[in-house]
Amino acid sequence: MQGQAQQQAYDRGITIFSPDGRLYQVEYAREAVKRGTASVGVRTDDGVVLAVDKRIRSPLMERTSVEKIHKVDDHIGIASAGHVADARQLIDFARRQAQVNQLRYGEPIGVETLTKNVTDHIQQYTQVGGARPFGVALIVGGVEDGEPRLYETDPSGTPYEWKALAVGADRGELQEYLEEHYEEAEDLGGGVELALGALASVNDDQLRPEGIGMATVDVESEEFIELTDEEIEEYLEANDLLAPEEAEEADDAEDDE
C-alpha cells in the first residue's frame with residue numbers, strides 16, 4: 001500500500017520527480033497532444049508551410065470556429081495540436097511577445113526568440129504547484145533575417161528546430177512520410193505538396209479542401225498568407241489527392257451511425 005501511495009504522489013505532483021527521473025504530468029500532456037488532429041510544418045528554401053487537419057465532425061459546425069492555424073505576426077504563423085483552449089492561451093502569449101518586441105526595439109521579433117519565449121512560459125508550468133502543463137504542441141514557422149525557420153514546442157518547454165515535422169495524431173506515420181519524401185531544395189509549392197501528401201498518407205490518400213487548413217510565409221514578402229479552399233483544391237487535384245464529395249458524405253453518414 002505504501003508503494004502504491006508513493007506512486008500516486010509521483011503521478012499527481014507536477015513538482016515531484018519519480019525515482020527514475022520522470023515527470024508523469026508532462027508525459028500525460030504529451031499523450032493529450034497525440035489525441036489532437038495532426039499538424040504538419042515544412043521548411044523550404046522559399047519559405048515555410050503550415051498544414052493542419054481541420055476535421056469537422058458535424059455538418060452543423062461552423063468551419064471558421066475550428067482554429068488550428070494562427071497568425072502571430074506579419075512574418076510568423078503557428079499551427080497547433082492538442083487541447084485547443086491551451087493553444088489559444090499560448091497563441092495570445094506569443095502575440096503579446098511579438099508586440100512587446102516591436103514596441104521595445106522597433107523591429108519584428110525573431111522566430112527563434114519568440115519560440116524560446118513561449119517555451120520558457122511553458123516550462124514554468126512544469127515546476128509550479130497547483131498548475132498543470134499545457135496539453136498542446138505548437139509548430140512555429142516564419143522568416144527571420146531572410147531565412148525560413150521552423151520550430152516545435154514540447155509540453156516540457158523544450159524547443160526543437162526542424163526541416164519538416166508533424167505533431168498530433170499519427171505522428172509516427174507522418175514523420176516517416178516526411179523523412180522519405182523531403183528534399184532540401186524544395187520550393188514553396190513543393191512544400192505545400194509535401195505537407196498535403198503527408199496528411200493524405202494517413203487519410204486513405206484522399207483529402208477535401210474543407211477539412212484542411214494551410215498557410216505559408218515566403219522569404220520574398222515575409223508575409224503570413226492563408227490559402228483559400230480553391231487554392232488547396234488546385235493542389236489536391238494536381239497531385240491526385242482530391243476525395244470526391246460523395247465519399248465525404250458517405251463517411252459523415254457512417255460517423256453519424
Does any N or O in the side chain of D187 come within less than 3.5 Å of the main-chain N or O of G190, such that one atom is a donor and the other an acceptor? yes

Check the surroundings of atom CD in E237: do more than 12 heavy atoms from other residues, nucleotides or ligands lie under 6.0 Å from it? yes

Looking at every heavy atom in both P159 and K116, which two are closest together, and how far apart are they? CG-CG, 4.3 Å

Short side-chain donor-acceptor distance under 3.5 Å, D20 and S18: yes

Quick check: does any side chain N or O of N101 sit under 3.5 Å from a backbone N or O of Q97, one acting as donor and the other as acceptor? no

Measure from the side-chain N and O atoms of E222 to the backbone N and O of I76, and report whether any donor-acceptor pair falls under 3.5 Å. no

Scan the side chains in residues 64-75 for donor-acceptor partners under 3.5 Å anywhere in the protein, sequence neighbours excluded, and list what turns up.
unit_1, atom_1, unit_2, atom_2, d
S65, OG, E62, O, 2.6
K68, NZ, T37, O, 2.5
K68, NZ, T37, OG1, 2.8
K68, NZ, A38, O, 3.4
K68, NZ, S39, OG, 3.4
K68, NZ, S80, O, 3.3
K71, NZ, D74, OD1, 3.3
H75, NE2, I109, O, 2.7

Could you tell me whether a side-chain N or O of D204 sits under 3.5 Å from a main-chain N or O of Q206, the two making a donor and an acceptor? no

For M214 and V192: C-alpha separation, side-chain torsions, deciding distance, then whether side chain to side chain contact (heavy atoms under 4.5 Å, CB included) applies. CA-CA 8 Å; M214 296 201 78; V192 171; 3.6 Å; yes

Table please: side-chain donor-acceptor pairs of residues 46-54 below 3.5 Å, with sequence neighbours left out.
unit_1, atom_1, unit_2, atom_2, d
D53, OD1, R55, N, 3.2
D53, OD2, R55, NE, 3.4
D53, OD2, R55, NH2, 2.7

Between V136 and L138, is the side chain to side chain contact (heavy atoms under 4.5 Å, CB included) condition met? List the steps. CA-CA 7 Å; V136 65; L138 305 178; 4.1 Å; yes

Heavy-atom closest pair (Q175 atom, A164 atom, distance to 0.1 Å) is NE2-O, 3.2 Å

Among the clusters formed by ILVMFWY side chains lying less than 4.5 Å apart, do L188 and V217 turn up in the same one? no

Locate the shortest heavy-atom distance separating V167 from A81; write the atom from each residue and the value. CG2-CB, 3.7 Å

Minimum heavy-atom separation for I212 and I232, please, with both atom names. O-CD1, 3.7 Å

Determine the minimum heavy-atom distance between L227 and A215, stating which atoms define it. CD1-CA, 4.3 Å

Taking all non-hydrogen atoms of both residues, which atom of S201 and which atom of L174 are closest, and how far apart? OG-CD2, 4.2 Å

Using the rule that Ile, Leu, Val, Met, Phe, Trp and Tyr join whenever any side-chain heavy atoms are under 4.5 Å apart, tell me whether W162 and V140 fall into a single cluster. no

What verdict does the side chain to side chain contact (heavy atoms under 4.5 Å, CB included) test give for L236 and L196, after you've listed the backbone C-alpha separation in whole Å, the side-chain angles of each residue and the deciding distance to 0.1 Å? CA-CA 8 Å; L236 292 174; L196 289 174; 4.0 Å; yes

Count I, L, V, M, F, W, Y as connected when their side-chain heavy atoms are under 4.5 Å apart, and connections chain through other members. Are L199 and V42 then in the same cluster? yes

I need the full list of ring pair (Phe, Tyr, Trp, His ring centres under 6.0 Å) pairs touching residues 100-136, with sequence neighbours left out, sorted by first then second residue. F93-H121, H121-Y125, H121-F134, Y125-F134

Sequence neighbours left out, what pairs pass salt bridge (Lys or Arg N to Asp or Glu O under 4.0 Å) with at least one residue falling in residues 141-150? E112-R149, E144-R149, R149-E161

Could you go through the side chain to side chain contact (heavy atoms under 4.5 Å, CB included) check for Y235 and E193 one step at a time? CA-CA 7 Å; Y235 278 107; E193 293 173 0; 3.9 Å; yes

Do R63 and D229 meet the salt-bridge criterion of a basic N to acidic O distance under 4.0 Å? yes

Salt bridge (Lys or Arg N to Asp or Glu O under 4.0 Å) partners of residues 162-179, not counting sequence neighbours, each pair once: E152-R171, K163-E184

For the pair Q127 (side chain) and Q124 (backbone), establish whether a donor and an acceptor sit closer than 3.5 Å, ignoring hydrogens and angles. no

Who else is in V84's hydrophobic cluster (ILVMFWY, side-chain heavy atoms under 4.5 Å, direct or via others)? none

Presence of salt bridge, K34 and E31, under 4.0 angstrom: yes

Only residue of D86, T126, V26 satisfying side chain to side chain contact (heavy atoms under 4.5 Å, CB included) with R132 is D86

Please check if the side chain of T158 supplies one atom and the backbone of D154 the other of a donor-acceptor pair under 3.5 Å. no

